[in-house]
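See structure below.
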There are 2 protein chains.
Amino acid sequence: MTASFEVPGAVAALATRRPLVRGDVVFRANDPARHVYFLEQGRVVLHRFGPAGEEVVIHVAHGGEFFAEASLHSDRYHCTALAVADGALATIATSDLRERLGDDPGFAMQWLAIVARQLRKSRARVERLSLRSAAERIRHLLVTEGHGPTPAYRPDGTLRELAGELGLTHEALYRTLASMERAGQIERQAGRIVLVR
Amino acid sequence: MTASFEVPGAVAALATRRPLVRGDVVFRANDPARHVYFLEQGRVVLHRFGPAGEEVVIHVAHGGEFFAEASLHSDRYHCTALAVADGALATIATSDLRERLGDDPGFAMQWLAIVARQLRKSRARVERLSLRSAAERIRHLLVTEGHGPTPAYRPDGTLRELAGELGLTHEALYRTLASMERAGQIERQAGRIVLVR
DNA sequence: CGTCGCATTGATATCGCTCAAATCCGGTGG
DNA sequence: CCACCGGATTTGAGCGATATCAATGCGACG
């Protein structure tokens, strides 16, 4: 059983929950943008198609993430959202959200904080993926996402999934972790990865 | 002369402009977070340091971008901002911004739209950098950032800068563009890159 | 007309991808 | 309790794409 996440409290009252089955299409490009979504569990791919019909992935949403937040500010979806794993989805009508944002400045600040945090995280990930070597990416992850004075990081899921997030194959990740441990740069204890020195 | 960008109208009234010289420190990690910034021109690196003192880049702000938007929601900066090129900076006091956000729902929606657009862009960039081959990254860029039915893209600055944005060396970008053109996948006309077929 | 940075192409090295195989582990059913 | 299974983890070998180092042409600008 993989982890499930709850809709953040501020938004929960506006959300309708429903299960999600692999293969479900949440919305299609060009549909009227009437909902914002919070993925409680599962995986949703947002993609678009190029002129020759090739799929271009815009974003892969994981459990605990909002997606299609931009529905608030445009009237049509610019991509298609497809569930690629079973899960659960919370749906928030843009009309409700817009109304609440206009009425309740405190709520608006909370919503803004959510979006801003995701932006910060995404930007950090961009820089991480811009690094050329696997070891540098791992070090970057530990420094930016780790907790404590000597940064410790516990992967959300499997190491395979972590490899995907780092833009590496799982083999490359395993090998690099092993060699960093041999070199005394990191330590691993019960699934946690700790940056040393 | 590189391009200069204007502070978006909604925010302009709150902003104070000043020149920026390479080497200027805009803020340091742990300083009280009292300002949000809009970079009109130049380049600013946001970074943090690991336990062994290695620099870890969180984000590189380019002209036309806001940075440190998260100052609104935390009381201290979590990284240091350093100008790495001359330019111009617009400074917005978080207190003013917070007040305006609370008073004026229309303004709040505009600010939210700005942040949401940056998030969408950043996420697309993450997926682009997750692609393994140079050609796939270029194709992704053209499809997601290009305009028109057969996506056409005009780089903001030089091809060297574009290479950096794509996580490639400039040599790799030149070579891949040349080979895609030879293969009839793209065309280049006066600095524009057009995806064909 | 010299200098500087961008654009371009060549040669080589290297790191991570790909294919392959062995082991470990938790869960499941007999 | 044990045999079995699927997925995660781990290590090996070889190859290929991109980084790296290098050189040249070109245009802008002083």
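These values consider heavy atoms only, across backbone and side chains, with no hydrogens, waters or symmetry-generated copies. Chain letters run A, B, ... following the sequence lines, proteins first, then strands; residues in each count from 1.
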Contacts of A:L173 and B:R188 projected onto DNA chain C by closest heavy atom; the upstream (5') one is B:R188

Spell out, as yes or no, whether a donor-acceptor pair under 3.5 Å connects the side chain of B:D24 to the backbone of B:V21. yes

Report all interatomic pairs (protein N or O, nucleotide N or O of nucleotides 6-8 of chain D) with separations under 3.5 Å.
none

Notebook entry, point to check: Hey, do the aromatic rings of A:F5 and A:F38 have their centres closer than 6.0 Å?
Noted result: no

For this session: State, without any angle test, whether A:R34 and A:S95 hold a side-chain donor-acceptor pair at a distance under 3.5 Å.
Result: no

Original post:
Looking only at side chains, do B:H78 and A:R120 share a donor and an acceptor under 3.5 Å apart?
Top reply: yes

For nucleotides 12-16 of chain D, list the nitrogen or oxygen atoms of the protein found under 3.5 Å from its nitrogen or oxygen atoms, one pair per line.
| from | atom 1 | to | atom 2 | distance (Å) |
| --- | --- | --- | --- | --- |
| D:dG12 | N7 | A:R175 | NH1 | 2.8 |
| D:dG12 | O6 | A:R175 | NH2 | 3.2 |
| D:dA13 | N6 | A:R175 | NH2 | 3.2 |

Next item on the list: Kindly indicate whether the side chain of A:V194, heavy atoms from C-beta on, has any atom under 4.5 Å from the side chain of A:P151.
Entry: no

### Query
Does B:H62 reach the side chain of B:R43, with side-chain heavy atoms less than 4.5 Å apart?
yes

Check: With no hydrogens and no angle check, is any side-chain donor or acceptor of B:T80 less than 3.5 Å from a backbone partner on B:A29?
Finding: yes

- Do B:V11 and B:I92 come within less than 4.5 Å of each other through their side chains, counting heavy atoms only? yes

Residues at least two apart in sequence or cross-chain that pass side-chain contact (heavy atoms from CB on, under 4.5 Å) with B:A10, listed by chain then number, are B:F107, B:Q110

Applying a 4.0 Å non-hydrogen cut-off, can you work out what B:G167 is touching in the nucleic acid: base, sugar-phosphate, or nothing? sugar-phosphate

ask   = Does B:T169 put a side-chain nitrogen or oxygen below 4.0 Å from OP1 or OP2 of D:dA19?
value = yes

| message | Parallel, tilted or perpendicular: which one describes the rings of B:F66 and B:W111, with boundaries at 30° and 60°? | response | perpendicular

Under the side-chain contact (heavy atoms from CB on, under 4.5 Å) rule, what do A:E54 and A:F49 come out as? Steps first, then yes or no, please.
CA-CA 5 Å; A:E54 58 311 4; A:F49 295 96; over 6 Å; no

Extract from the structure each pairing of a protein N or O with an N or O of nucleotides 28-30 of chain D at less than 3.5 Å, listing the distance.
none

Heavy-atom nearest nucleotide on DNA chain D taken for B:T176 and for A:R182; more 5' hit belongs to A:R182

Rounded to whole Å, CG of B:L129 lies from P of D:dT18 at a distance of 14 Å

Stems with DNA chain D, 3 or more Watson-Crick or G-U pairs in a row (under 3.5 Å), are C:1-30 with D:1-30

### Message
For a quick check of understanding: with a heavy-atom distance under 4.0 Å over all strands, which category does B:G191 fall into, base, sugar-phosphate or nothing?
### Response
nothing

Sequence neighbours excluded, the answer for side chain to side chain donor-acceptor pair (under 3.5 Å) partners of A:S122 is B:S122

Quiz item: According to the interplanar angle, ranging from 0 to 90°, do the rings of A:Y37 and A:H35 count as parallel (below 30°), tilted (30 to 60°) or perpendicular (above 60°)?
Solution: tilted

Rounded to whole Å, the CG-C1' distance (B:L166 to D:dT18) equals 14 Å

Here the distance between atom C1' of C:dC17 and atom NE2 of A:H170, to the nearest Å, is 10 Å

